[in-house]
Structure formats: C-alpha cells, structure tokens
J.: 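My structure is below; once you've seen it, I'll send some questions.
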Amino acid sequence: MSAPMQQPAQWRGVLAAVAKGIEGFFFRHRRRIVLVHGAMFVAFVGLLAVPLFFGPPPEHAGPLDHVATFANYVIWGLWFPLVFLSVIATGRSWCGLLCPMGAAAEWTNRVGLQRPIPAWLQWPGTPVVSFVIVTIWGQTLGVRDHALALAILFGTVMAAALVIGFLYGRRKRAWCRHACPIGLMLGVYGRLGAVDFSPKRPQPGAVTWTEKTVCPTMIDLDRKVECRHCIECFRCVSPKAPGGLTLRFRRPGAEIEAIAEHHANLAEVLFLFTGTGAALGGFLWLVLDSYQRLRQAVGDWAIDHEWYWLGEPGPVWLMAVYPDQREVFRWLDFFLIGGYMLGWLVLITAVLSATTLAAAWLAGRVGGVGTLSRRFVELGYQYAPVAMVSLLVGLAGGLFRNLHYLGLDDGGIALVKAALFAAGALWSLYLGWRLLAAQGIPGRWRWLPLLPGATGSLAVGAAWYPAIF
Ligand code: SF4
Ligand code: SF4
C-alpha cells in the first residue's frame, strides 16, 4: 500500500517502543525515585525559606538580582506553568516522579496512625473546595509578589499534606487522591493528555476505590478506566509480567471524547466551571474599574455606618500587610477580593451550567442517548481546553512575562494569550462535536446542541478580553 496508509501504523509502533523504553527505565530505577523526592524536598523548602532571611527585594529587581525574585521566578515563571502544561505531554508525571509534598505525605503515612480514610475526605467535592480556598487565599495573601506569602501558602499546603498523610490511609496517599488542589488540577486536565496507564487484563465492572491495592492513590488497577487519579509512580508496572498496567501514548483529548466510558462525573465538571470563574475573578479584580468602584462604595458605606474596623489591616497570614513595599490590605480588601472572586466563580458557573444544560436538552431533542443529567455531565467536559487556558492565563502570568526575554512587547504577549484562547475554544468546539457524536446524534443535527457550547466558550473569552488587552 501507499506510504500515507502505512504511516499511522509506523508511528504507533514507534510510540509503543518509546513507551516500552520509558516503562523499562522507571521499572529498573523506581527505588531511586526516592532520591529525587529527597532532593526536590530540600529545593522546595529552600525556595520557600531562604528568601525570608534576605528582606524584600529592590523595586525593579530581576530574577538574578535578589534571592526573593529568583524564588518567585522559579515558582511562578517556571514551576507552575511548566508543571501545568506538562500534563498534556506527560500526564501527572510531576506528582509521581518529582513532587516533594506528595512524597512527604507518604513518608508521614508510614509512621502515622493509618486510620481509615473518613467520608468527608472521600467526598468528591473536597479537592474542589480546597482549590477554591487556596486560590482566593493566595490572592489576599499577595502570593505572586511576597516571599512571606509564598512561604505561608505553600507551607500550609505542605503541612496539611503531612497531617492528612500522618492520620489517614495505610501506605497510601490520601492527600493526593482526595484533597490536593494541585493534584485536582493536574488530574482533571491530565484527562486531555497523551499518557495513560491501562490494565493489560482489564476486568469488567464499575470503577471502584480500594485500599487493597499497591496503588498509592487507591485505584482498583484492573478496572482502571480514567487517568485522573494516576500519579505515574510506576508501582503497578512490571514489563515482563502478564498482569498489571502498561504505559501507552494516545491522542490528546481521546479520553474526554469518549468520556462516557471513562467515569464522567459531576464534581469534575463543576471544577471546570468554578476553576474558570475563580481564575477570572483572581485576575479581573486587579484590572477592572468595577472592582475599584465597588471598593469605594463599600468603603464609604462602612465610614457612614462607623464600621471603622473594615479599614484596619488584618493579620499577615490572611492578607498582604507589607508597608515597606507599599502594599497593605485591610479587612475591606480581604472581604471584597474574596467576594469578588466568588462572584465571578458563581457567574461563570451559572453561565456554563446554562449553556451545558441547553446543549444537553437540545441533544436529547435530536436523538442523543441517555438521561438529561448524563448528557449534561458528559457535555460539560467540552469546556476542559477553555478552562485550562483560563487557569494558565490567570495563574501563570510568570510564563508570559518570560516572553519579554524573547523580545516580545506587551502587545505581542497579549496576542499570544489571545491565540491560546482561540486554540482552546477551537479544541473545545471539536470536543463538543465528538461528544455529541458519541451520544449518537447524526452529523446533520450536531450543530444545534453545539451552538450553546460555543456560546459558553465565547462568553469566557469575552470575560477575559479586558484582562488580556
Ligand atoms: S497530588 Fe498534590 S501533593 Fe500529591 S503529588 Fe500531586 S501535587 Fe504533589
Ligand atoms: S495506577 Fe499505577 S502508576 Fe498510576 S498511581 Fe496507581 S500504581 Fe502508580
């Protein structure tokens, strides 16, 4: 046959060989991963603690001018964006291979109380709540600008991981599976990614959660159908054994296109919506006049009613109080920033829920299978790319500032962000199309339930417009 017909098969062969090579490498060296974790732990604690001994940096200091700006650059300019983007190419490799917090939680678990994991921790909404709290708290602390804020936030997250690890589970990572806000983000967007560990001998039956497994995140290995909770620790991999799991590469987006077969669930969909809203709110309060007008109006009201305490600064573990750096938040700022972000969270969640509900209802009218709620949950995943770009733009500003070093000015960087949005929206549209196809809707009718989905992506893009330009 002609070369173009053979090419996909050849590529599949190459990818399978690469996957085998990676699998073999980590199988041979998996006991040494602990050394990597130890080194990462020292580096992580150093990045958080060392800047605290050097005082604030000069106003326009660059990454190499002061230890605090260096640590800030490593965390917001390199670590966060690279880890976030890496999920598309390598899934949650950060979690299993590098993350010092998850590894530390597992160490404390070995010497801890090993109590049964309580129901409140297993509740699917727990990591969503933890994500929202950490995102808002990060804003009020001024975590993007102050070394002490960075140490307070990440130090607390680390402490929470150690305590949960110490208390719950038996040789498991209860924190990573059930509560980590970073793990939630990487796991949900990892579903778009190109890496999966799948059972060599898959068993039928519903996805189950079990503590009787070698998997630290409690995956029932033979029934594994989703990559969300897989931290890529390679403990279930044994290349020569007939059972266990095997690493394979797949087309990015493939898991979400067939989400009905991969444990679609409402908690993840709500995270896609609320995460987009929180990221938007976290950015817009800095740039929109509406926030300043609101602050003025509430401040005037507080003075009229003699609520003077709202004008007092709060504790530094709750909000930014750095008079030397001319940034002092007051209780008024604390409540307004939190309220403003929650307002955007509710608004975006309402808009995307409405468009998804309209899409699910219309899908049913043109032959879509399943119940309305089932179609709603499945179609909610079409927003994964748009939501991912939102988090990237909202929480990874350092990545874009790096583009200055490549010679791009602010206008050029805005265009890069806009192009990312356009790509995310197109990918979302494509996912919507494929999800509707999987629901059995004929091609000639798919445009109809696709319209509300596209409207939702456009609404998110319109909300980001003032932040980008
Ligand atoms: S889930 Fe969180 S703590 Fe656990 S390995 Fe991943 S990022 Fe680290
Ligand atoms: S499925 Fe395998 S690689 Fe993934 S977390 Fe569990 S044991 Fe580790």
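Not measured: the values here are computed from a predicted model. We count ligands from 1, going down the list as the structure has it; atoms in each ligand are counted the same way.
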J.: List ligand 1 atoms under 4.0 Å from G102, heavy atoms only on the residue side.
T.: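 Within the 4.0 Å cut-off of G102, ligand 1 contributes 3 (S), 4 (Fe), 5 (S), 8 (Fe).
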J.: Who's the nearest protein heavy-atom neighbour of atom 8 (Fe) of ligand 1, and how far?
T.: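 The closest heavy atom on the protein side is C99 SG, 2.3 Å.
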J.: Taking the basic N atoms (NZ, or NE/NH1/NH2) and the acidic carboxylate oxygens, is any pair closer than 4.0 Å for R191 and E226?
T.: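 Yes, R191 and E226 are salt-bridged.
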J.: Determine, step by step, whether E106 and R235 satisfy the salt bridge (charged side-chain N to carboxylate O under 4.0 Å, His left out) criterion, reporting the C-alpha distance in whole Å, the side-chain angles of both residues, the deciding distance to 0.1 Å, and the verdict.
T.: CA-CA 14 Å; E106 205 170 338; R235 285 177 219 179; 2.7 Å; yes
J.: With a cut-off of 4.0 Å, which atoms of ligand 2 are near a heavy atom of C215?
T.: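 So the atoms of ligand 2 that pass are 5 (S), 6 (Fe), 7 (S).
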J.: Judged by atom type as modelled, is there a donor-acceptor pair below 3.5 Å linking the side chain of E23 to the main-chain atoms of T246?
T.: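 Answer holds: no.
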J.: Is R92 near ligand 1, meaning one of its heavy atoms is under 4.0 Å from it?
T.: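 Yes, R92 has a heavy atom closer than 4.0 Å to ligand 1.
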J.: For atom 5 (S) of ligand 2, what's the nearest protein heavy-atom neighbour? Residue, atom name and distance, please.
T.: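 Protein heavy atom with the smallest distance to atom 5 (S) of ligand 2: I231 N, 3.3 Å.
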J.: Counting each atom of ligand 1 from 1 as listed, which ones have a heavy atom of R173 under 4.0 Å away?
T.: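 This gives 5 (S) as the contact atoms.
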J.: Would you say C180 reaches atom 6 (Fe) of ligand 1 with an N/O/S atom under 2.8 Å?
T.: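 Given the 2.8 Å cut-off, C180 does not count as a ligand of atom 6 (Fe) of ligand 1.
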J.: Ignoring hydrogens and angles, tell me if any N or O in the side chain of R171 forms a donor-acceptor pair with the backbone of P216 under 3.5 Å.
T.: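 Such a contact is absent between R171 side chain and P216 backbone.
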J.: Assign the ring pair F54 / H66 to parallel, tilted or perpendicular, where the plane angle (0 to 90°) is split at 30° and 60°.
T.: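 Ring orientation, 0 to 90° scale: perpendicular.
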J.: Is it true that a side-chain atom of T210 and a backbone atom of M218 form a donor plus acceptor pair closer than 3.5 Å?
T.: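 Here the side-chain-to-backbone pair does not exist.
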J.: Examine the proximity of ligand 2 to V237 and report which part, side chain or backbone, both or neither, has a heavy atom under 4.0 Å away.
T.: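 It is neither; nothing of V237 touches ligand 2.
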J.: What is the closest protein heavy atom to atom 4 (Fe) of ligand 1, and at what distance does it sit?
T.: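 Checking every protein heavy atom, the shortest distance to atom 4 (Fe) of ligand 1 gives C176 SG, 2.3 Å.
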J.: Distance under 4.0 Å to a non-hydrogen atom of I182: what atoms of ligand 1 satisfy this?
T.: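 Selected atoms, number and element: 7 (S).
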J.: Quick one: does N109's side chain have a donor or acceptor within less than 3.5 Å of a partner on Q114's backbone?
T.: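 Pair absent, no side-chain N/O of N109 close to backbone of Q114.
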J.: Give the atoms of ligand 2, by number and element, whose distance to some non-hydrogen atom of T217 is under 4.0 Å.
T.: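 Counting atoms of ligand 2 from 1, those under 4.0 Å from T217 are 5 (S).
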J.: Suppose we measure from atom 6 (Fe) of ligand 1 to each protein heavy atom; which comes out shortest, and what is that distance?
T.: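 Protein heavy atom with the smallest distance to atom 6 (Fe) of ligand 1: C95 SG, 2.3 Å.
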J.: Taking the inter-plane angle between the rings of F154 and W76 on a 0 to 90° scale, is it parallel (under 30°), tilted (30 to 60°) or perpendicular (over 60°)?
T.: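 Ring orientation of F154 relative to W76: tilted.
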J.: Quick one: which ligand 1 atoms are inside 4.0 Å of a heavy atom on W175?
T.: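 Under 4.0 Å from W175, ligand 1 has these atoms: 3 (S).
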J.: Would you say C236 has an N, O or S atom lying under 2.8 Å from atom 2 (Fe) of ligand 2?
T.: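 Within the cut-off used here (under 2.8 Å), C236 does place an N, O or S atom near atom 2 (Fe) of ligand 2.
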J.: Exactly one of F335, W285, F334, Y291 should register a ring-ring contact (aromatic ring centres under 6.0 Å, His included) with Y340. Which one does?
T.: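 Of the listed options, the one satisfying the test is Y291.
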J.: Please state whether the rings of H178 and W209 are parallel, tilted or perpendicular, taking 30° and 60° as the class boundaries.
T.: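 Aromatic pair H178/W209 classed tilted.
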J.: Check the surroundings of atom CZ in F70: do more than 12 heavy atoms from other residues, nucleotides or ligands lie under 6.0 Å from it?
T.: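 Incorrect, the count does not exceed 12.
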J.: What atoms in ligand 2 come closer than 4.0 Å to a heavy atom of L221?
T.: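 With L221 as reference, the close atoms of ligand 2 come out as 1 (S).
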J.: If you count the atoms of ligand 2 from 1 in the order shown, which ones are under 4.0 Å from a heavy atom of L245?
T.: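 Going through ligand 2 atom by atom, the ones under 4.0 Å from L245 are 1 (S).
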J.: Take every heavy atom of V214, measure it against each atom of ligand 2, and state whether any distance is under 4.0 Å.
T.: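 The answer is no, since V214 has no heavy atom less than 4.0 Å from ligand 2.
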